[in-house]
Student: 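Have a look at this one.
A note on names: the letters A, B, ... follow the listed sequences, proteins ahead of strands, and every chain is numbered from 1.
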Number of protein chains: 2
Amino acid sequence: MDETLLITKALSDRTRLRIIAALSGGELCVCQVVELLKLAPSTVSKHLHILSGSGLIRSRKDTRWVYYRLSGKGSSKKAQDALKWARAALSGDKSIIEDSKALKKITRVSKEALCRAQIKR
Amino acid sequence: MDETLLITKALSDRTRLRIIAALSGGELCVCQVVELLKLAPSTVSKHLHILSGSGLIRSRKDTRWVYYRLSGKGSSKKAQDALKWARAALSGDKSIIEDSKALKKITRVSKEALCRAQIKR
DNA sequence: TTGACATTTCGTCATTTGGCGAATTATAAT
DNA sequence: ATTATAATTCGCCAAATGACGAAATGTCAA
């Protein structure tokens with residue numbers, strides 16, 4: 001029951017649902033999620049930590065950046081099924097659609113503005 | 001997103017997950033759920049209220065007793081799918097199995113001991 | 001009608017949660 | 001080496017949550 005509870009608790013927050021939906025479009029680095037949510041980096045980091053702990057998302061570190069993605073194969077069936085439900089439940093949601101629009105802009109400019117160092121290489 | 005959040009919040013508590021699993025065996029009256037959970041009636045009532053508000057369960061009043069059941073057709077697809085996921089996630093869980101054993105005893109004796117008035121009719 | 005019972009509502013309290021900024025860690029640029 | 005950047009951890013605070021008992025509500029029994 002503990003794993004199930006970790007999952008439902010992870011999904012029981014508006015911000016974390018937004019993160020799940022945002023990651024449905026592919027992996028994002030923390031700074032991009034911060035830009036989308038307009039929350040303090042420390043706050044976002046905590047949410048990502050909670051989602052990670054539930055097995056719903058995974059992280060990968062690339063030099064200075066940490067990228068998060070929805071966890072696919074390799075995660076538990078419970079987590080996969082929960083993700084499937086959550087993504088379906090959120091699809092079509094008004095605020096989620098706005099988020100994905102905002103995300104398009106963010107991923108377009110992030111390489112210049114958000115992560116300036118990245119473009120300089 | 002609000003309905004989705006109501007559902008995930010409803011599922012994000014150990015006691016409420018136990019209630020969902022308990023109702024998988026069929027409807028129960030509040031006093032039976034109280035007996036199973038060993039919590040104060042007021043506490044159980046509040047949990048049932050939260051689950052009702054999310055659309056995951058429904059109630060029916062029969063004279064002096066109120067019976068709760070998992071909501072089926074007629075509830076939203078989100079709720080139905082969430083229930084399906086939750087029930088699958090909980091099936092086989094150790095503490096849930098113990099609960100269902102305890103429930104067997106409760107439903108067997110409740111008509112005599114728990115709801116004495118009921119047998120007197 | 002009076003009393004008993006099932007359930008809910010209300011008020012209270014301790015714990016958890018979500019937010020922030022400051023400090024810390026790790027990595028890259030100068 | 002020093003500085004700057006991305007992310008995390010820590011400590012703090014306000015708000016939400018889950019527990020209880022007392023009181024209120026509605027229904028049945030005597």
Student: Can a side chain N or O of B:Tyr68 be found less than 4.0 Å away from OP1 or OP2 on C:dT8?
Tutor: yes
Student: If you look at every heavy atom in B:Ser54 and B:Ile7, which pair is closest and at what distance?
Tutor: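 Result for this residue pair: O-CG1, 3.6 Å.
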Student: Which one, C:dT9, C:dA29, D:dT17, comes nearest to the side chain of A:Arg64?
Tutor: C:dA29
Student: Can you tabulate the close N/O pairs, meaning under 3.5 Å, that link protein atoms to atoms of nucleotides 19-22 of chain D?
Tutor:
unit_1	atom_1	unit_2	atom_2	d
D:dA19	OP2	B:His47	NE2	2.2
D:dA19	N6	B:Lys46	NZ	3.2
D:dC20	OP2	B:Ala40	N	3.1
D:dC20	OP2	B:Thr43	OG1	2.7
D:dG21	N7	B:Ser42	OG	3.3
D:dG21	O6	B:Ser42	OG	3.0

Student: Quantify the bending of the helix from C:dT1-D:dA30 to C:dT30-D:dA1 as the angle between its end axes, each fitted on five pairs, to 10°.
Tutor: 10°
Student: Kindly determine whether A:Arg60 and A:Val66 satisfy side-chain contact (heavy atoms from CB on, under 4.5 Å), including the steps that lead there.
Tutor: CA-CA 6 Å; A:Arg60 146 181 101 79; A:Val66 178; over 6 Å; no
Student: Hydrophobic clustering (ILVMFWY, side-chain heavy atoms < 4.5 Å, transitive) - are B:Leu51 and B:Leu6 grouped together?
Tutor: no
Student: Would you indicate, yes or no, if C:dG18 has its OP1 or OP2 atom less than 4.0 angstrom from a side-chain nitrogen or oxygen of A:Arg16?
Tutor: yes
Student: Any side-chain donor-acceptor pair under 3.5 Å between A:Ser76 and A:Glu3?
Tutor: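 Per modelled atom types, A:Ser76 and A:Glu3 side chains form a pair under 3.5 Å.
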Student: Taking the side chain of B:Val30 as its heavy atoms from C-beta onward, which of D:dT9, C:dT8, D:dA7 lies nearest to it?
Tutor: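 Selected nucleotide (nearest to the side chain): C:dT8.
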Student: Choosing from D:dG26, D:dA7, C:dT7, which nucleotide comes nearest the side chain of B:Trp65?
Tutor: C:dT7
Student: Taking any heavy-atom pair under 4.0 Å as a contact, classify A:Arg14: base, sugar-phosphate, or nothing.
Tutor: nothing
Student: Could I get the full list of salt bridge (Lys or Arg N to Asp or Glu O under 4.0 Å) partners for B:Lys61, not counting sequence neighbours?
Tutor: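 Scan of B:Lys61 (salt bridge (Lys or Arg N to Asp or Glu O under 4.0 Å), adjacent residues dropped) gives none.
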